Amino acid sequence: QAQLVESGGGLVQAGDSLKLSCATTDHIFNNYALAWFRQNPGKERVFVAAITWIGEDTDYATSVKGRFTISRDNAKNVVYLQMNSLKPEDTAVYYCAATTTNVRFGPFDYWGQGTQVTVSS
């Protein structure tokens, strides 16, 4: 059974918005910090954003700060990544990950399967 399930990816134009979702279990949602990463073929997976398990603290990569917003829905056990003003360089597979340690460097105990985001110019 998948512990983290991403959804919401798709093909959009530059300047558009997209909202990704990461659904998870009660255990993970209530005990782990959750983060979003992205990866392109042949490149390393890079940190995008994270939110603590309480939801009080967030962290963003410089490249997305001011355009992306991470949030948690405590009633649904879902973490969202609202992406606005999308750019072609935001194109990647986006992954959700869970950790009890450092939200940027992990180690991460759980990973989702990823969802493709493609931004056309």
Side-chain angles (χ1 to χ4, degrees):
Q1 180 181 358
Q3 304 293 326
L4 297 172
V5 180
E6 303 97 332
S7 61
L11 172 63
V12 297
Q13 292 186 333
D16 285 350
S17 297
L18 206 57
K19 189 173 185 178
L20 305 183
S21 300
C22 174
T24 186
T25 64
D26 284 344
H27 170 69
I28 293 175
F29 193 84
N30 293 317
N31 294 282
Y32 287 76
L34 293 165
W36 287 95
F37 285 75
R38 63 189 183 187
Q39 186 174 28
N40 281 303
K43 296 190 176 181
E44 291 187 354
R45 196 169 294 185
V46 298
F47 171 80
V48 175
I51 189 166
T52 59
W53 70 275
I54 299 177
E56 293 179 339
D57 295 319
T58 58
D59 189 18
Y60 296 94
T62 302
S63 60
V64 305
K65 191 173 292 185
R67 299 188 298 122
F68 291 11
T69 302
I70 189 170
S71 62
R72 301 171 66 112
D73 186 328
N74 294 333
K76 298 181 178 179
N77 288 354
V78 176
V79 173
Y80 299 104
L81 185 67
Q82 176 67 48
M83 306 185 294
N84 298 329
S85 301
L86 282 162
K87 305 175 181 180
E89 50 264 43
D90 294 318
T91 295
V93 177
Y94 283 71
Y95 296 91
C96 185
T99 182
T100 58
T101 58
N102 188 287
V103 296
R104 285 184 178 239
F105 305 108
F108 294 89
D109 296 301
Y110 301 97
W111 287 92
Q113 82 289 350
T115 186
Q116 176 71 48
V117 172
T118 303
V119 184
S120 64
S121 57

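Worth saying up front: this structure is predicted, and the values here are computed from it rather than measured.
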- Message: Grouping I, L, V, M, F, W and Y whenever their side-chain heavy atoms are under 4.5 Å apart, do V117 and W36 come out in a common cluster?
- Response: yes
- Message: Applying a strict under-4.5 Å side-chain criterion to I, L, V, M, F, W and Y, I'd like to know whether I51 and F47 cluster together.
- Response: no
- Task: Give a yes-or-no answer on whether the side chains of T24 and N77 include a donor-acceptor pair shorter than 3.5 Å.
- Result: no
- Query: By side chain to side chain donor-acceptor pair (under 3.5 Å), which residues pair with T100, not counting sequence neighbours?
  - Reply: none
Could I get the full list of side chain to side chain contact (heavy atoms under 4.5 Å, CB included) partners for [X], not counting sequence neighbours?
X	result
V93	Y95, Q116
A98	L4, I28, Y32, L34, Y110
R67	V64, S85, K87, D90
D16	V12, Q13

- Who pairs with F108 by ring-ring contact (aromatic ring centres under 6.0 Å, His included), at least two apart in sequence or on another chain? F37, W111
If you look at every heavy atom in [X] and [Y], which pair is closest and at what distance?
X	Y	value
A50	V103	CB-CB, 3.5 Å
A49	L81	CB-CD1, 4.1 Å
V78	S21	CG1-CB, 4.0 Å

Distance (rounded to the nearest 0.5 Å) between [X] [atom1] and [Y] [atom2]:
X	Y	atom1	atom2	result
S17	F68	OG	CZ	9.5 Å
K65	T58	NZ	OG1	8.5 Å
Q39	E44	CD	CD	8.5 Å
Q82	L20	CD	CG	9.0 Å
N30	T25	CG	OG1	8.5 Å

I'd like to know if the side chain of [X] and the backbone of [Y] have a donor-acceptor N/O pair within less than 3.5 Å.
X	Y	result
R104	A35	no
T118	T91	no
E6	T115	no
N102	F105	yes

- Task: Give the C-alpha distance, both sets of side-chain angles, the deciding distance and a yes or no for side-chain contact (heavy atoms from CB on, under 4.5 Å) between T69 and Y60.
- Result: CA-CA 8 Å; T69 302; Y60 296 94; 3.8 Å; yes
